[in-house]
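Working notes, beginning with the structure itself.
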Amino acid sequence: MTAAGVAGLAGLAGCIGGGNGDSSVESDTTDWSFGITREGTIGYIKASGWAQLFENADTDINLTLNTTGGSEEAYRLCAAGENHITRGTSAMGMASYNEESRPGAQFGGDNTVPTVPQQVMAIADIRPFWVTADDSIQSIDDLAGKTVHNGAAGSRFVGAIPFDSVGLYEDIELTQGDWSDIPFALEEGRVDAAYTYVMASGTSLPGWAEQLNSMDSLRVLEFSDDQLSTIEEDPYLNVTEVPVNEVFGFETNIDTVQSPTAPYQWYVHPDLSNELVKEFCEISFSNTDEIQEVHDALGLFNEEYAVEGLTQSPVHPGAVEWYQENDLWNEDLIEG
């Protein structure tokens, strides 16, 4: 039995192993600091659900949430040994492993990390698409020279990397701000377009976007076939279909749109023991029904989803062992 803390920790940096330039952690520690985005975010809600699950489970693993300024900060703290586990986009793992930079995942040059956190499981993905109230904008290509609302600061990767993939990133002014401001920014003409999204498990807009449902002049913007082919070749992205005619309460200009997506993962510090990470997998996958109820974003979470969303950066050996024993391991993935 264990009692897991679910409160954010203040002044944690340097307390686990990241102080004095040491990025290691004790392999057999069961008190895990869980680096996560601020309270109220979807990431925080997901992590809180996992912490509650482990509080009630027969395990010595304690998950204590350590709130940070964003996903990349949390990921870097894990790399520095100041968190044991964290959430990050698939791009963070690939970019840090390859020591390269993409928008929202700057890990090249002077921005490399001392230790590359390792994947454990894919947990969720969101499916973005772009809308406008400007009749002169008919497609994604028309966004060159325009201002596009890119959501809150922590969402930069999801909204920016598709433009980087198709060569439009330098031609578009991406602005960050509160999600809830997007409908007003579009109505008032402060931005030319904006991105919104649905969760992979459904077709409902997030709560902040419900006002978009009253804007029946909105147009949904499409990438061209050539652009989609380029995105499909980008290892950082997948392409999935969103039935936008089911998303909005009015007839949209198109029925479906192709969405460039990327999964979110749980990453752990590579020094954690194989036995503990394997136990983390066992408890998580033995309670998928409970996890799916935490938030709509986790509605598809199960063993198959978790391994299918793993990408080209190292997977912790403890997780590899669990997947192999359950006939789920993909030999194309990278063992840590």
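Closest of all the heavy-atom pairs between Val294 and Ile45 is CG1-O, 3.5 Å. Here the closest non-hydrogen pair linking His316 and Pro270 is NE2-O, 3.5 Å. Residue Glu335 comes nearest to Gln324 through the heavy atom pair OE2-NE2, 3.9 Å, listed as atom of the first residue, atom of the second, then distance. For the pair Ser90 and Ala262, the tightest heavy-atom approach, listed with the atom from each and the gap, is OG-CB, 3.7 Å. Closest of all the heavy-atom pairs between Gly159 and Asn150 is CA-OD1, 3.0 Å. The shortest non-hydrogen separation linking Cys281 to Trp322 is CB-CG, 3.8 Å.
Every side-chain contact (heavy atoms from CB on, under 4.5 Å) that Gln227 has, sequence neighbours left out, goes to Ile140, Asp141, Val166, Leu168, Phe223, Ser224. Take Pro206 and apply the side-chain contact (heavy atoms from CB on, under 4.5 Å) test, not counting sequence neighbours, and it matches Thr196, Tyr197, Trp208, Ala209. With sequence neighbours left out, the side-chain hydrogen bond (donor to acceptor under 3.5 Å, both in side chains) criterion links Thr37 to Thr41. Applying the side-chain hydrogen bond (donor to acceptor under 3.5 Å, both in side chains) rule to Trp130 yields no partners; only residues at least two apart in sequence or on another chain are considered. Residues meeting the salt bridge (charged side-chain N to carboxylate O under 4.0 Å, His left out) test with Asp296, sequence neighbours left out: none. Thr30 is linked by a side-chain contact (heavy atoms from CB on, under 4.5 Å) to Asp60, Leu276, counting only residues two or more places apart in sequence or in another chain.
The line from OG1 of Thr59 to CD of Glu55 is 12.5 Å long, rounded to the nearest 0.5 Å. Atom-to-atom distance recorded for Ile182:CD1 and Leu212:CG is 7.5 Å, nearest 0.5 angstrom. One distance of note links CD of Glu73 with CG of Asn66; it measures 8.5 Å at 0.5 Å rounding. Note that the CG atom of Leu53 and the OG atom of Ser284 stand 6.5 Å from one another [nearest 0.5 Å]. In this structure, Gln52 CD and Leu63 CG are separated by 11.0 Å, a value rounded to the nearest 0.5 Å. Interatomic distance, CG of Asp271 versus CD of Gln118, reported as 9.0 Å (0.5 Å rounding).
The cationic group of Lys46 lies under 6.0 Å from the six-membered ring centre of Tyr264 and within 45° of the ring axis, placing it in a cation-pi geometry.
A donor-acceptor pair is defined here as one N or O able to donate and one able to accept, closer than 3.5 Å; such a pair exists between the side chain of Ser229 and the backbone of Asp225. Ser286 places no side-chain N or O within donor-acceptor distance of the main-chain N or O of Ile283, the cut-off being under 3.5 Å. Remark: the backbone N or O of Ile36 is paired with a side-chain donor or acceptor of Thr68 at under 3.5 angstrom. Looking at Gln292, its side chain never comes within 3.5 Å of a backbone N or O of Leu298 through a donor-acceptor pair. A donor-acceptor pair is defined here as one N or O able to donate and one able to accept, closer than 3.5 Å; such a pair exists between the side chain of Asn213 and the backbone of Gly249. Not one N or O on the side chain of Asp164 forms a donor-acceptor pair closer than 3.5 Å with the backbone of Tyr169. One N or O on the side chain of Ser259 and one on the backbone of Pro128 form a donor-acceptor pair closer than 3.5 Å. Listed for the Gln176 side chain is a donor-acceptor partner under 3.5 Å among the backbone atoms of Gly151. With hydrogens and angles disregarded, no donor-acceptor distance shorter than 3.5 Å links the side chain of Gln119 to the backbone of Gln265. Listed for the Thr288 side chain is no donor-acceptor partner under 3.5 Å among the backbone atoms of Asn302.
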task = Decide yes or no on side-chain contact (heavy atoms from CB on, under 4.5 Å) for Glu222 and Ser139, but give the supporting numbers first.
result = CA-CA 5 Å; Glu222 294 183 278; Ser139 69; 5.7 Å; no

Stepwise side-chain hydrogen bond (donor to acceptor under 3.5 Å, both in side chains) check, Glu39 with Thr67 = CA-CA 7 Å; Glu39 190 170 355; Thr67 56; over 6 Å; no

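Side-chain polar atoms of Asn83 and Ser33 form a donor-acceptor pair below 3.5 angstrom.
Sorted by first then second residue, the salt bridge (Lys or Arg N to Asp or Glu O under 4.0 Å) pairs that include residues 111-137, not counting sequence neighbours, are Asp125-Arg127. Evaluation of the salt bridge (Lys or Arg N to Asp or Glu O under 4.0 Å) test over residues 233-246, restricted to residues two or more places apart or in two chains, returns Arg102-Asp234. Legend: salt bridge (Lys or Arg N to Asp or Glu O under 4.0 Å) pairs involving residues 187-200, not counting sequence neighbours, sorted by first then second residue: Asp181-Arg190, Glu188-Arg190. The salt bridge (Lys or Arg N to Asp or Glu O under 4.0 Å) analysis of residues 313-327, with sequence neighbours excluded, yields the pairs Lys278-Glu321, Lys278-Glu325.
Around CD of Glu232, the count of heavy atoms belonging to other residues, nucleotides or ligands within 6.0 Å exceeds 12.
Taking 4.5 Å as the limit, some side-chain heavy atom of Val131 sits within range of a side-chain heavy atom of Phe129. Annotation: side chain of Thr203 is not in contact with side chain of Val242 (no heavy-atom distance under 4.5 Å). Contact annotation: the side chain of Arg76 approaches that of Asn111 to within less than 4.5 Å [non-hydrogen atoms, C-beta and beyond]. Contact of the Ile137 side chain with the Arg219 side chain is not registered, since no non-hydrogen atoms from C-beta on lie closer than 4.5 Å. Put simply, the side chain of Thr261 does not reach to within 4.5 Å of the side chain of Ile126, judged on heavy atoms. Within the 4.5 Å cutoff, side-chain heavy atoms of Val307 are placed close to those of Leu333. For the pair Gln258/Ile231, no side-chain contact is recorded, criterion being any heavy-atom separation below 4.5 Å from C-beta on.
Phe54 has its ring centre no less than 6.0 Å from the ring centre of Trp32. Between Phe34 and Tyr44, the distance from one ring center to the other does not fall under 6.0 angstrom.
The other residues sharing a hydrophobic cluster with Tyr75 are Met92, Tyr97, Phe107, Val113, Val116, Tyr267, Ile334, where clustering joins ILVMFWY side chains under 4.5 Å apart. The hydrophobic cluster containing Leu300 also includes Tyr305, under a criterion of side-chain heavy atoms closer than 4.5 Å among ILVMFWY residues, counted directly or through chains of members.
Note on Ile254: it clusters hydrophobically with Phe248, by side-chain heavy-atom contacts below 4.5 Å among ILVMFWY residues. The same ILVMFWY cluster, assembled from side-chain heavy atoms under 4.5 Å apart, contains both Leu328 and Ile123.
Between Phe280 and Trp50, the ring-plane angle classifies as parallel under the 30° and 60° cut-offs.
Partner Thr252 forms a side-chain contact (heavy atoms from CB on, under 4.5 Å) with one of Asn245, Leu218, Val257, Val247 and no other, that one being Asn245.
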